[in-house]
Amino acid sequence: MTSLRYQRLYVNIDHVATVRQARRSAEPDPVAAAVLCEQAGADGITAHLREDRRHIQDADIHRLATTVTTALNLECAATDEMLALAEALRPVAVTLVPERREEVTTEGGLDVFRAAPQLRESIARLKRAGVRTSLFIDPDAAAVRAAHDLGTDAVELHTGQYAHAPADPRTLRALADAAALASSLGLAVHAGHGLSVQNVGPVAAIPEIEELNIGHAIVGRAIFVGLSEAVREIRQAMDDAREADRF
Ligand SMILES: CC(=O)[C@@H](O)[C@H](O)COP(=O)(O)O
Ligand SMILES: NCC(=O)COP(=O)(O)O
């Protein structure tokens with residue numbers, strides 16, 4: 001009986017900053033939140049520096065880079081501004097994501113076809129800086145193959161469609177198939193967006209997925225039970241799902 005490889009939990013702290021930005025104040029501090037998450041068992045911290053700075057600010061990233069002791073995963077668009085910041089701060093990883101100013105949240109994966117030249121150069125630039133790269137893509141075979149051809153270290157599979165329709169077997173099937181293909185191509189397989197204690201189990205049980213990025217649901221739950229407990233709850237849900245699916 002073999003157990004599944006350990007699956008990392010990276011906590012996205014964007015929406016701690018959303019609460020702070022509601023008053024443009026200093027509290028709640030996303031960097032203090034990151035420390036609490038690490039103490040509660042997070043394997044890494046994800047922070048999305050958006051071009052519109054609606055939540056995470058540049059100063060947050062600079063402080064996270066010197067405070068996070070596990071691993072900092074900087075999420076950003078593939079722009080010169082963001083790549084220069086990544087080259088200067090050298091987080092453990094950068095996850096390139098699509099952005100539209102008018103979006104409420106990330107709506108889909110990167111267009112790895114139309115943006116191929118820009119992504120290829122961005123990946124090469126980040127690798128030269130010693131930063132691991134991940135591309136946030138839809139769980140689609142063509143997108144997985146295209147991401148692999150661009151030279152990325154990892155892909156992060158967009159779990160948004162699954163999160164909106166967890167009872168539809170096609171959404172989980174798409175994630176499982178994309179994870180298996182990505183792993184067979186030698187890519188590290190991550191996943192995230194819209195995951196929560198209620199829906200994370202089937203995704204956590206996909207054996208090839210080695211990292212989950214979860215934020216909004218943790219911060220929302222933290223309002224009621226505290227951040228440390230919210231992290232421990234999601235960690236337990238991940239572990240229970242993988243324990244139940246040992247093979
Ligand atoms: C790519 C993704 O799904 C999230 O990591 C991203 O950070 C969502 O953007 P907001 O955090 O601004 O909702
Ligand atoms: N890339 C997904 C992420 O970091 C967190 O997404 P969410 O849990 O805030 O929806």
Side-chain angles (χ1 to χ4, degrees), residues 7-22 30 33-34 37 42-57 60-61 64 68 70-78 82 91-112 115 119 132-139 143 147 152 154-164 166 171 175 178-179 188-201 203-204 209-223 227 230-231 233-235 237-238:
Q7 185 174 70
R8 299 184 298 273
L9 168 61
Y10 276 36
V11 178
N12 184 315
I13 53 168
D14 291 351
H15 299 297
V16 176
T18 297
V19 175
R20 177 193 62 191
Q21 293 306 110
C37 289
D43 301 291
I45 298 298
T46 294
H48 184 182
L49 182 63
R50 282 180 169 267
E51 291 178 282
D52 64 12
R53 283 24 177 219
R54 67 180 69 173
H55 42 52
I56 293 289
Q57 304 301 305
D60 296 325
I61 298 298
L64 286 167
V68 168
T70 52
L72 177 59
N73 171 34
L74 170 62
E75 271 188 357
C76 59
M82 295 301 168
V92 167
V94 164
T95 300
L96 297 176
V97 300
E99 281 187 23
R100 288 187 320 116
R101 281 182 180 273
E102 58 276 15
E103 67 187 3
V104 172
T105 185
T106 302
E107 294 164 342
L110 288 162
D111 184 339
V112 288
L119 291 172
R132 283 184 59 76
T133 61
S134 180
L135 298 183
F136 188 77
I137 64 171
D138 291 322
T152 186
V155 289
E156 180 177 348
L157 302 178
H158 188 332
T159 54
Q161 286 193 342
Y162 163 75
H164 287 310
T171 59
L175 288 165
V189 187
H190 308 164
H193 193 89
L195 295 177
S196 67
V197 167
Q198 289 72 30
N199 68 18
V200 72
V203 177
I209 294 179
E210 66 182 71
E211 178 184 303
L212 294 183
N213 284 268
I214 305 174
H216 185 266
I218 289 174
V219 175
R221 178 67 175 155
I223 292 171
L227 188 53
V231 171
E233 284 181 351
I234 205 93
R235 177 75 259 178
M238 292 165 60

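Counting starts at 1 for both ligands and their atoms, following the listed order.
Scanning the protein heavy atoms around atom 9 (O) of ligand 1, the nearest turns out to be R50 NH2, 3.1 Å. Closest to atom 13 (O) of ligand 1 among all protein heavy atoms lies T105 OG1, 2.6 Å. Looking only at protein heavy atoms, the nearest one to atom 9 (O) of ligand 2 is H216 N, 2.8 Å.
In the displayed structure, Q161 atom CD is contacted under 6.0 Å by at most 12 heavy atoms of other residues, nucleotides or ligands.
At least one N or O atom of G215 sits closer than 3.5 Å to an N or O atom of ligand 2. Between G194 and ligand 2, an N or O atom pair is found at a separation short of 3.5 Å. Between D14 and ligand 1, at least one N/O pair is under 3.5 Å apart. Remark: ligand 2 and N12 share an N or O pair separated by less than 3.5 Å (distance only, no angle test). An N or O contact shorter than 3.5 Å links E75 to ligand 2 by distance.
Listed by number with element, the atoms of ligand 2 under 4.0 Å from a non-hydrogen atom of I214 are 8 (O).
At a heavy-atom cutoff of 4.0 Å, ligand 1 is contacted by the side chain of E75 but not by its backbone. The proximity of H15 to ligand 1, defined as any non-hydrogen pair under 4.0 Å, is limited to the side chain. For T95, no heavy-atom contact with ligand 1 is shorter than 4.0 Å.
Here the shortest heavy-atom distance to atom 12 (O) of ligand 1, taken over H48, H55, H193, E99, belongs to H55. Considering only non-hydrogen atoms, atom 6 (O) of ligand 2 lies nearest to H193 out of H15, H193, H190, E156.
When side chains are defined from C-beta on, D111 does not count as touching P98, because their heavy atoms never get closer than 4.5 Å.
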E99 vs H48, side chain to side chain donor-acceptor pair (under 3.5 Å): CA-CA, chis, key distance, verdict: CA-CA 10 Å; E99 281 187 23; H48 184 182; 2.9 Å; yes
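Put simply, the side chain of Y162 gets close to the backbone of N199: a donor and an acceptor are under 3.5 Å apart.
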